[in-house]
Amino acid sequence: MNGYAVFILTALVLEFLVSVLADWLNLGAQTDEVPAEFRDVCNAAMYRRAQEYLRATTRFGLVSDVYGLGVLLLFWFSRGFGALDSLVRGWQLGPVQTGVAYVGIVVLGRALLGLPFRIYSTFVIEERFGFNRTTPWTFVQDLGKTLVLGMVLGGGVLAGVLAFFEHAGAFAWAYCWLAVTLFSLAVHFVAPVWIMPLFNAFRPLEDGELKSAILDFAAKVKFPLKGVYVVDGSRRSSKANAFFTGFGRNKRIALFDTLVANHPVPDLVAVLAHEIGHFKKRHVLKRLVIGILHTGALLYLLSWFLGCQGLFEAFHMSQTSVYGALVLFGLLLAPVEFVLSYAVQALSRRHEYQADRFAAEHTGDPERLCQALIRLSVQNLANLTPHPFYVALNYSHPPVLRRIRALRNVG
């Protein structure tokens, strides 16, 4: 094993151990008593069920992680990367087509190996706790649509990246960055209209008390609201959510039908105010810019490793290639991405606090969002007392108790 192999192997094992430690601390942070803020809507039996859900998903996640790491190491040390490279080179395709085939086989193989875990999660764990509403046919349809989109969009982007690095010279990374950025912006623009409706039905919110209240609030905060939609989330799960997507004339605020069905109008307006807060605070734009800069940095670094023989030797590949560098560079950079995720998650949590504060200040009633968060957490069997280390590692939103207390401080 050379230095690259030792570094990557050590990083993979350490990342796994850190994840196990976080899970162990998180399970240990559970309490016997329902937090005071939840006692009006969550009894002891419901609280125990949420803790059972946490234990079940944590155990399942551990098994899945062990399996994933084991498969990767088995493929690596059985010289699978090199054998697959020899196989696709034997097809005598062009460099771009060979690269698309190589990466496509790796991605498809990983998806197929993980499919049993996805099935078990959906039809056993989520079913056991009353969340699953996905039929086998819907599950198969989702898989098929995802596969087609991956081949068309993902395959197209991959072919473009490979072509740039094969033919565009020393500044290939910059041309590639520009092309990927333009593609990403286009996808953000058209996704709410063309892509997301492939999986869910988006119907405009019907006239009535809720729509009138939402339009009144939007006018109050001068938000150019052109689309509030109800999403048929109940086709797949009883969990509830809301989200903001798209930009320009295609931006949408979407409320799950499960959310609309189980919350009073003032709470739903508070939830929507939170989503508008993300827009008003330019969180969507900031995250988009960070993503673009991140992509540029990755492509620049990738350009330095294209001919790194030592990296290829670490994975038993005798010949260098752009597509091989793309796959292996992902493994080499994994520990850096793991560390960066701390900063990304911290920024995301900060944005959530800011959106909460916007909602509290502009509705004039912080308690409405508090009540919505409480009901959502109970409905979704959320962990009410996560360990801080687990939060830092995994949470894009602050723990609900912290959000509630911050909101009440605003009040």
Side-chain angles (χ1 to χ4, degrees), residues 4-5 7-20 57 59-89 91 93 96-126 134 139-162 180 199 294-295 298 302 305 311-312 314-317 321-338 340-341 394:
Y4 287 103
F7 174 79
I8 294 172
L9 179 60
T10 302
L12 288 172
V13 173
L14 285 177
E15 181 179 342
F16 172 75
L17 293 176
V18 168
S19 179
V20 171
T57 53
R59 287 193 297 267
F60 177 74
L62 177 60
V63 173
S64 178
D65 288 346
V66 170
Y67 173 80
L69 180 60
V71 167
L72 172 59
L73 295 181
L74 179 62
F75 187 71
W76 178 1
F77 292 112
S78 64
R79 300 175 179 265
F81 288 100
L84 179 60
D85 189 36
S86 298
L87 175 66
V88 295
R89 285 179 184 274
W91 296 341
L93 306 172
V96 173
Q97 295 91 328
T98 299
V100 170
Y102 185 90
V103 177
I105 291 172
V106 170
V107 172
L108 182 60
R110 181 178 180 181
L112 290 175
L113 289 170
L115 184 58
F117 288 87
R118 184 174 172 183
I119 293 172
Y120 186 88
S121 175
T122 301
F123 294 104
V124 178
I125 295 180
E126 296 297 296
T134 303
F139 187 85
V140 171
Q141 283 183 308
D142 287 347
L143 285 177
K145 293 173 184 177
T146 302
L147 178 62
V148 172
L149 284 173
M151 293 172 61
V152 174
L153 299 181
V157 171
L158 175 61
V161 169
L162 294 174
V180 170
F199 296 90
H294 180 248
T295 300
L298 291 180
L302 172 63
F305 286 91
L311 179 59
F312 285 83
F315 289 88
H316 313 291
M317 296 177 69
S321 61
V322 175
Y323 61 84
L326 193 62
V327 172
L328 304 184
F329 178 69
L331 293 171
L332 177 65
L333 202 66
V336 178
E337 293 290 287
F338 183 70
L340 285 177
S341 69
N394 297 288

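Remember, predicted model here, so these are calculated numbers, not experimental data. We number each residue from 1, following the sequence as shown.
When the side-chain contact (heavy atoms from CB on, under 4.5 Å) test is applied to Ser78, no partner is found at least two apart in sequence or on another chain. Listed by chain and number, the residues in a side chain to side chain donor-acceptor pair (under 3.5 Å) with Arg118 amount to none (sequence neighbours excluded). By the side-chain contact (heavy atoms from CB on, under 4.5 Å) test, Val71 is found to be paired with Tyr67, Leu113, residues two or more places apart in sequence or in another chain being considered. Applying the side-chain contact (heavy atoms from CB on, under 4.5 Å) rule to Val66 yields the partners Phe16, Leu62; only residues at least two apart in sequence or on another chain are considered. Residues meeting the salt bridge (charged side-chain N to carboxylate O under 4.0 Å, His left out) test with Asp65, sequence neighbours left out: none. Every residue meeting the side chain to side chain donor-acceptor pair (under 3.5 Å) condition with Thr134, not counting sequence neighbours, appears here in chain and number order: Asn132. Scored by the salt bridge (charged side-chain N to carboxylate O under 4.0 Å, His left out) test, Glu15 finds no partners at all (sequence neighbours excluded). By the side chain to side chain donor-acceptor pair (under 3.5 Å) test, Glu337 pairs with His294, sequence neighbours left out. Taking Val107 as the reference, Val103 meet the side-chain contact (heavy atoms from CB on, under 4.5 Å) condition, with sequence neighbours excluded.
Phe338 has its side chain out of reach of Leu14: every pair of non-hydrogen atoms, C-beta onward, lies at least 4.5 Å apart.
Legend: salt bridge (Lys or Arg N to Asp or Glu O under 4.0 Å) pairs involving residues 142-156, not counting sequence neighbours, sorted by first then second residue: Asp142-Arg236.
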Please output the side-chain donor-acceptor pairs of residues 81-88 that fall under 3.5 Å, not counting sequence neighbours, one pair per line with the distance.
{"unit_1": "Asp85", "atom_1": "OD1", "unit_2": "Arg89", "atom_2": "NE", "d": "3.2"}
{"unit_1": "Asp85", "atom_1": "OD1", "unit_2": "Tyr323", "atom_2": "OH", "d": "2.5"}
{"unit_1": "Asp85", "atom_1": "OD2", "unit_2": "Arg89", "atom_2": "NE", "d": "3.0"}
{"unit_1": "Ser86", "atom_1": "OG", "unit_2": "Gly82", "atom_2": "O", "d": "3.2"}

Could you list the donor-acceptor pairs under 3.5 angstrom formed by side chains in residues 328-335, with sequence neighbours left out?
none

